[in-house]
Undergrad: 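Could you have a look at this structure, given as structure tokens, before my questions?
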Amino acid sequence: MSLKGKFFAFLPNPNTSSNKFFKSILEKKGATIVSSIQNCLQSSRKEVVILIEDSFVDSDMHLTQKDIFQREAGLNDVDEFLGKIEQSGIQCAKTSCITKWVQNDKFAFQKDDLIKFQPSIIVISDNADDGQSSTDKESEISTDVESERNDDSNNKDMIQASKPLKRLLQGDKGRASLVTDKTKYKNNELIIGALKRLTKKYEIEGEKFRARSYRLAKQSMENCDFNVRSGEEAHTKLRNIGPSIAKKIQVILDTGVLPGLNDSVGLEDKLKYFKNCYGIGSEIAKRWNLLNFESFCVAAKKDPEEFVSDWTILFGWSYYDDWLCKMSRNECFTHLKKVQKALRGIDPECQVELQGSYNRGYSKCGDIDLLFFKPFCNDTTELAKIMETLCIKLYKDGYIHCFLQLTPNLEKLFLKRIVERFRTAKIVGYGERKRWYSSEIIKKFFMGVKLSPRELEELKEMKNDEGTLLIEEEEEEETKLKPIDQYMSLNAKDGNYCRRLDFFCCKWDELGAGRIHYTGSKEYNRWIRILAAQKGFKLTQHGLFRNNILLESFNERRIFELLNLKYAEPEHRNIEWEKKTA
DNA sequence: AGGCAGTACTG
DNA sequence: CAGTAC
DNA sequence: GCCT
């Protein structure tokens with residue numbers, strides 16, 4: 001079977017792992033994958049086939065869960081969009097058709113393969129369902145999502161891959177209805193805002209667990225489906241709201257503000273200014289604030305020891321603005337390619353892949369997390385050496401601008417720049433230090449990198465949204481390096497930002513656990529690890545353990561299975577996860 | 001009262 | 001061990 | 001600060 005000259009597009013989300021897999025199958029058969037359907041519609045190209053994820057097609061071959069579909073696909077109006085497709089005569093089929101084609105080695109539609117657009121009766125029931133679903137579905141959240149599925153018998157010969165997807169998206173449906181139309185509870189909005197600020201305040205102050213309590217309380221309020229009228233009511237009806245938070249809620253409801261919150265904003269901002277710098281946590285921030293420092297410049301003068309003992313702060317200071325600035329997915333990907341290319345020349349068997357927020361589908365990434373592994377290689381020392389060699393090459397190429405951790409070899413290259421930073425900062429005490437490296441071999445590399453001007457140009461010309469998913473974060477207003485501290489700045493003036501790049505190495509046998517760990521999110525890791533602990537397991541980046549005996553570390557899906565969880569695609573590990581499902 | 005994720009690196 | 005980071 |  002050849003699919004030469006055939007065009008396919010995936011909806012609603014072309015970038016799920018399964019769809020990536022399907023894409024590669026189709027491409028191998030010579031097909032072309034279309035990334036933007038909008039363009040197709042405009043050019044009214046008819047040979048394109050749209051493949052829709054099975055979970056959005058009901059047993060009558062009509063599109064269901066339109067609201068979620070619209071969101072996942074990033075459309076403004078699904079119905080308008082479907083109208084256009086229908087007019088243009090483009091064929092739409094379930095993604096699982098691909099399996100049939102491959103099995104029969106023939107590209108053809110059978111009678112019931114195509115999605116129908118004119119469902120006279122269905123539309124009505126569909127809409128009616130949409131209208132009330134938000135109330136309906138909420139009560140279903142805790143029930144087993146699988147049990148309500150009744151059309152499985154219809155397509156039981158379809159591939160199994162469609163099944164987890166189905167479950168996944170249904171989980172989504174439940175959540176989606178939870179999140180929507182919650183804005184109407186005015187009191188709650190006010191309370192949530194205050195709790196959010198208190199969470200941040202305690203996070204900055206390093207009160208880890210108190211912050212956690214406020215975060216959980218905030219989440220309870222967000223999931224609350226009635227308008228909270230008193231602190232008492234919140235305390236009795238919601239989880240994670242104890243006496244102290246209940247009292248504060250009452251104050252907010254009575255006065256409209258939480259006294260003390262606005263007063264401490266000044267303190268918060270002062271701590272934040274320091275803490276935003278790489279290498280500075282709550283403790284140093286608090287100490288410097290107590291000493292009445294209001295800039296790095298003063299800190300360097302009056303507390304130079306801190307910089308000498310942890311020289312990475314100097315680079316945190318130098319790249320302060322750049323490292324707070326997020327990059328596009330395209331840029332992230334460009335960095336990966338750059339590293340991959342260099343890696344091929346060093347050890348072609350060694351592999352590297354993106355983790356972190358990129359992997360979870362964010363449209364903006366704060367840093368680039370790269371996981372290194374080599375098939376069948378469990379020798380981290382070997383990997384560490386490959387990575388070090390790679391670092392040296394990339395430094396000499398001018399790509400790596402700074403290291404935040406050193407080996408003797410890297411020290412030889414990099415010492416000059418550290419010394420230069422100390423000079424610029426006018427800190428003198430550094431001479432007594434004899435070595436700047438931590439150990440001979442390091443398994444994690446944290447650094448700052450910049451693309452070359454040429455690569456930056458290429459990036460600009462890259463077509464937009466190559467793999468963009470729909471997950472956007474609310475933007476925080478950024479803190480900026482104060483003018484008085486600018487003399488140390490190495491921040492971009494020409495739009496070529498320095499980026500944080502992290503290398504992690506992973507034993508082949510631990511690839512699954514490593515991927516879960518480094519893909520995150522932080523909240524998701526916490527959630528899943530608590531869950532593991534409750535079931536008597538321990539989950540780390542090295543594997544899933546019971547009584548310190550390793551049960552599984554290589555197979556990501558098996559780890560989920562052992563925990564009795566449905567596999568979650570990275571895109572579904574984003575939301576604040578604590579204390580969701582039981 | 002003890003727990004809140006679990007680990008690695010640095011001084 | 002404390003502090004920071006992933 | 002909340003939960004067990």
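Here is the naming used below: chain letters follow the sequence lines, and residue numbers restart at 1 for every chain.
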Undergrad: Can you identify which nucleotide, out of C/dA5, B/dG11, B/dA5, has its nearest atom closest to the A/Ser309 side chain?
TA: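 From the listed options, B/dG11 comes nearest.
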Undergrad: Would you kindly say whether A/Asp485 and A/Tyr273 are connected by a side-chain donor-acceptor distance under 3.5 Å?
TA: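 A/Asp485 vs A/Tyr273: donor-acceptor pair found between side chains.
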Undergrad: With respect to the side chain of A/Tyr278, which nucleotide from C/dA5, B/dA8, D/dC2 is positioned closest?
TA: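 In terms of side-chain proximity for A/Tyr278, the closest of C/dA5, B/dA8, D/dC2 is C/dA5.
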Undergrad: Expressed as a whole number of Å, how far does the C1' atom of C/dA5 sit from that of B/dA5?
TA: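 Rounded to whole Å, the distance is 14 Å.
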Undergrad: Quick one: do the A/Asn491 and A/Ser489 side chains pair a donor with an acceptor below 3.5 Å?
TA: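 Looking only at side-chain atoms, A/Ser489 and A/Asn491 do form a donor-acceptor pair, the distance falling under 3.5 Å.
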Undergrad: Where the side chain of A/Gln541 is concerned, which of B/dT7, B/dA5, D/dC2 is the nearest nucleotide?
TA: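 Comparing B/dT7, B/dA5, D/dC2 against the side chain of A/Gln541, the answer is B/dT7.
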Undergrad: Take A/His517 and A/Asp310, find for each the nucleotide of DNA chain B with the closest heavy atom, and name the residue whose nucleotide sits nearer the 5' end.
TA: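 Mapping each residue to its closest nucleotide by heavy atoms, the 5'-most match is A/His517.
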Undergrad: Per the side-chain hydrogen bond (donor to acceptor under 3.5 Å, both in side chains) rule, which among A/Lys237, A/Arg229, A/His235 passes with A/Glu233?
TA: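 Checked A/Lys237, A/Arg229, A/His235 against A/Glu233; only one passes side-chain hydrogen bond (donor to acceptor under 3.5 Å, both in side chains): A/Lys237.
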Undergrad: Does A/Tyr202 reach a base, just sugar-phosphate, or nothing at all? Heavy atoms under 4.0 Å.
TA: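 Nothing, no heavy atom under 4.0 Å.
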Undergrad: Among C/dG3, B/dT7, C/dC6, find the nucleotide with the atom closest to the side chain of A/Glu283.
TA: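 Comparing C/dG3, B/dT7, C/dC6 against the side chain of A/Glu283, the answer is C/dG3.
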Undergrad: Considering only B/dC9, C/dT4, C/dC6, which nucleotide approaches the side chain of A/Gln405 most closely?
TA: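 Given the options B/dC9, C/dT4, C/dC6, the side chain of A/Gln405 is closest to B/dC9.
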Undergrad: Output the single nucleotide from B/dA5, C/dA5, D/dC2 whose closest atom is nearest the side chain of A/Arg500.
TA: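 Closest of the options to the side chain of A/Arg500: C/dA5.
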Undergrad: Over how many whole Å does the gap from A/Lys208 atom NZ to C/dT4 atom P extend?
TA: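 In whole Å, C/dT4 P and A/Lys208 NZ are 13 Å from each other.
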Undergrad: Roughly, in whole Å, what's the span from CZ in A/Phe503 to P in C/dC6?
TA: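 Roughly 15 Å, once rounded to whole Å.
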Undergrad: Return no unless some side-chain N or O of A/Arg433 is found under 4.0 Å from OP1 or OP2 of B/dG11.
TA: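 So the side-chain polar atoms of A/Arg433 do come within 4.0 Å of the phosphate oxygens OP1 or OP2 of B/dG11, strictly under.
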Undergrad: Is the shortest side-chain N/O distance from A/His542 to OP1 or OP2 of B/dA8 below 4.0 Å?
TA: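 It does, given that an N or O in the side chain of A/His542 lies less than 4.0 Å from OP1 or OP2 of B/dA8.
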Undergrad: Distance under 6.0 Å and angle within 45° of the ring axis: does A/Lys444 meet both against A/Phe504?
TA: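 Judged by the rule (NZ or CZ under 6.0 Å from the ring centre, within 45° of its axis), A/Lys444 is not positioned above A/Phe504.
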Undergrad: Which whole-number value in Å describes the distance from A/Leu370 CG to C/dC6 C1'?
TA: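 In whole Å, C/dC6 C1' and A/Leu370 CG are 14 Å from each other.
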Undergrad: Atom CZ of A/Arg215 to atom C1' of B/dA5: distance rounded to whole Å?
TA: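 Taking atom C1' of B/dA5 as the reference, CZ of A/Arg215 is at 12 Å.
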Undergrad: Heavy atoms from C-beta onward define the side chain here; which of B/dA8, D/dC2, C/dG3 lies closest to that of A/Ile284?
TA: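 For A/Ile284, the side-chain atoms sit closest to C/dG3.
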Undergrad: Hey, does the side chain of A/Lys522 come within less than 4.0 Å of B/dG6's phosphate (OP1/OP2), counting only N and O?
TA: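 Looking at the OP1 and OP2 atoms of B/dG6, neither is under 4.0 Å from any side-chain N or O of A/Lys522.
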Undergrad: Which is more 5' along DNA chain B, the nucleotide nearest A/Ala533 or the one nearest A/Tyr437? Just name the residue.
TA: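 Per heavy-atom nearest nucleotide, the more 5' residue is A/Ala533.
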Undergrad: What's the gap between B/dG3 and C/dC1 when it is taken at their P atoms, as a whole Å value?
TA: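 Those two atoms are separated by 15 Å.
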Undergrad: Measure the distance from CZ on A/Phe445 to P on C/dA5 and round it to the nearest whole Å.
TA: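 Taking atom P of C/dA5 as the reference, CZ of A/Phe445 is at 19 Å.
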Undergrad: Mind checking A/Cys277 for me? I need base, sugar-phosphate or nothing, with any heavy atom below 4.0 Å counting as a touch.
TA: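 Touches sugar-phosphate only.
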Undergrad: Can any side-chain N or O of A/Asp347 pair as donor or acceptor with the backbone N or O of A/Glu349 at less than 3.5 Å?
TA: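 Between the backbone of A/Glu349 and the side chain of A/Asp347 there is a qualifying donor-acceptor contact (under 3.5 Å).
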Undergrad: For C/dA5, which nucleotide in any strand shown is its Watson-Crick or wobble partner with both distances under 3.5 Å?
TA: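 Its partner is B/dT7.
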Undergrad: Quickly work out the A/Glu523 CD to C/dC6 C1' distance and round it to whole Å.
TA: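 Value for this atom pair: 13 Å.
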Undergrad: Apply salt bridge (charged side-chain N to carboxylate O under 4.0 Å, His left out) to residues A/Glu294 and A/Lys482 and explain how you reach the verdict.
TA: CA-CA 9 Å; A/Glu294 77 302 323; A/Lys482 295 179 180 178; over 6 Å; no
Undergrad: Nearest to the side chain of A/Ile245, which nucleotide is it out of B/dA5, C/dT4, D/dG1?
TA: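 Within the option list, the nearest is D/dG1.
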Undergrad: Does A/Arg529 put a side-chain nitrogen or oxygen below 4.0 Å from OP1 or OP2 of B/dC4?
TA: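 For A/Arg529, the contact criterion (side-chain N or O under 4.0 Å from OP1 or OP2 of B/dC4) is not met.
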Undergrad: Round to the nearest Å and state the distance from A/Lys201 atom NZ to D/dG1 atom P.
TA: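 That distance rounds to 10 Å.
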Undergrad: Counting only side-chain heavy atoms from C-beta out, which of C/dT4, B/dC4, B/dG6 sits nearest to A/Arg212?
TA: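 Of all the options, the side chain of A/Arg212 is nearest to B/dC4.
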Undergrad: OP1, OP2 of B/dG3 versus side-chain N and O of A/Arg210: anything below 4.0 Å?
TA: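 Checking A/Arg210 against B/dG3: no side-chain N or O falls below 4.0 Å of OP1 or OP2.
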Undergrad: Side chain of A/Phe446 only, heavy atoms from C-beta on: which candidate in C/dC6, B/dC9, B/dT7 is closest?
TA: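 Nearest to the side-chain atoms of A/Phe446, counting from C-beta on, is C/dC6.
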Undergrad: Looking only at side-chain N and O atoms, does A/Arg197 offer a donor or acceptor that is under 3.5 Å from a partner on A/Asn262?
TA: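 Judged by distance alone, the side chains do pair up.
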Undergrad: Distance check needed: B/dG11 C1' versus A/Leu404 CG, whole Å only.
TA: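 Nearest whole value for this atom pair: 17 Å.
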